[in-house]
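See structure below.
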Amino acid sequence: MIKNNLYQKVYETVKKIPPGKVVTYGQIAKMLGTRDARRVGHALHANKDPLVPCHRVVDKSGRLAANFAFEGSKEQARRLIKEGVALTDEMHVDLNLYLWKKL
DNA sequence: AAAGTGACGCATT
DNA sequence: TAATGCGCCACTT
């Protein structure tokens, strides 16, 4: 059930993230025409749909989610590595190399 | 209806 | 560098 268009837009945007890339919450918010990064994160936390690559979404520092909805940040990190995303830390991705920019 | 809460972001302390 | 405060606004109680 679609609670509102904002959440839906978040999911659509996240699904468009290409493999091996990551996006920040704030960036998605900006694309959606809002400044509220919290809504983006909240939308993903509420999401249970495996088609949404939520592990490709990180915060402005490249930090992974502390409470990843599926298995935890550890699993999120593992998925990123599996896609070819190198981590600078166990909880951080290299935005300089993997930050996705909309075409 | 009002208050509390939160996968964030940025400025200030 | 870490901690705190405030903005943002949808969701829950």
Side-chain angles (χ1 to χ4, degrees):
Chain A
M1 59 305 257
I2 301 171
K3 305 182 177 215
N4 92 22
N5 207 341
L6 179 57
Y7 272 42
Q8 187 61 53
K9 278 170 41 185
V10 172
Y11 299 143
E12 291 297 297
T13 304
V14 174
K15 285 181 186 171
K16 287 173 184 163
I17 304 173
K21 290 286 186 179
V22 298
V23 180
T24 69
Y25 298 104
Q27 208 169 2
I28 293 175
K30 206 70 192 263
M31 287 182 216
L32 271 42
T34 179
R35 288 120 59 161
D36 196 356
R38 280 195 177 154
R39 251 37 44 217
V40 178
H42 218 177
L44 293 175
H45 192 205
N47 173 55
K48 301 283 185 293
D49 194 335
L51 358 162
V52 180
C54 22
H55 54 279
R56 295 186 192 138
V57 186
V58 296
D59 69 27
K60 204 54 165 96
S61 315
R63 184 165 61 76
L64 277 48
N67 297 298
F68 190 60
F70 294 93
E71 307 290 331
S73 56
K74 205 98 189 232
E75 180 60 20
Q76 182 177 10
R78 216 174 60 74
R79 292 185 183 189
L80 289 169
I81 295 170
K82 212 153 106 178
E83 294 188 354
V85 178
L87 305 184
T88 61
D89 218 314
E90 191 158 314
M91 287 276 284
H92 296 75
V93 301
D94 192 334
L95 294 179
N96 198 42
L97 296 177
Y98 304 110
L99 183 60
W100 177 60
K101 52 254 178 224
K102 195 175 178 212
L103 304 167

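All heavy atoms count here, side chains included; hydrogens, waters and symmetry mates do not. Chain identifiers are assigned alphabetically (A, B, ...) following the order of the sequence lines, protein sequences preceding nucleic acid strands; residue numbering begins at 1 within each chain.
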Q.
Quick check: do A:Val10 and A:Val52 have side-chain heavy atoms less than 4.5 Å from each other?
A. no

Q. In whole Å, what is the span from the NE2 atom of A:His42 to the C1' atom of B:dG9?
A. 17 Å

Q. Please give, in whole Å, the distance from C:dA10 P to A:His45 NE2?
A. 19 Å

Q) Hey, does A:Trp100 have a side-chain heavy atom less than 4.5 Å from the side chain of A:Arg56? A) no

Q. Hey, are the side chains of A:Leu64 and A:Leu80 touching, using non-hydrogen atoms and a 4.5 Å cut-off?
A. yes

Q. Charged N to carboxylate O under 4.0 angstrom, A:Arg78 versus A:Glu71?
A. no

**Q.** Sugar-phosphate only, base, or nothing, as touched by A:Ala69 at under 4.0 Å among non-hydrogen atoms
**A.** base

Q | Minimum-distance nucleotide (side-chain atoms of A:Ala65 versus B:dA7, B:dG9, C:dC11) | A | B:dA7

Q. What's the CG-P distance between A:Leu80 and B:dA7, to the nearest Å?
A. 19 Å

Q) What is the distance from OH of A:Tyr11 to C1' of C:dA10, rounded to the nearest Å? A) 12 Å

Q. Are any non-hydrogen side-chain atoms of A:Lys21 and A:Glu83 less than 4.5 angstrom apart?
A. no

Q: Please state how far atom CZ in A:Arg56 lies from atom C1' in B:dA7, giving the value in whole angstrom units.
A: 17 Å

Q | A:Arg79 to A:Phe70 six-membered ring, cation-pi geometry met (6.0 Å, 45°) | A | yes

Q: Flag the pair A:Asp49 / A:Tyr11 as yes when at least one side-chain heavy-atom distance between them is below 4.5 Å, and no otherwise.
A: no

Q: Please state how far atom NZ in A:Lys9 lies from atom P in C:dA10, giving the value in whole angstrom units.
A: 11 Å

Q) Do you know which of A:Asp89, A:Thr88, A:Leu99, A:Val85 makes side-chain contact (heavy atoms from CB on, under 4.5 Å) with A:Asp94? A) A:Thr88

Q: State which of B:dA7, B:dG9, C:dC9 makes the closest approach to the side chain of A:Asp59.
A: B:dG9

Q) Is there side-chain contact between A:Glu90 and A:Ser73, with heavy atoms separated by less than 4.5 Å? A) no

Protein and nucleotides 2-4 of chain B: nitrogen or oxygen contacts under 3.5 angstrom:
none

For nucleotides 3-7 of chain C, list the nitrogen or oxygen atoms of the protein found under 3.5 Å from its nitrogen or oxygen atoms, one pair per line.
from, atom 1, to, atom 2, distance (Å)
C:dG7, O6, A:Arg38, NH1, 3.0
C:dG7, O6, A:Arg38, NH2, 2.4

Q: Whole angstrom is fine here: how far is it from CG in A:Asn67 over to C1' in B:dT5?
A: 13 Å

Q: Rounded off to whole Å, could you give me the CD-to-C1' distance for the A:Glu75 and B:dA7 pair?
A: 16 Å

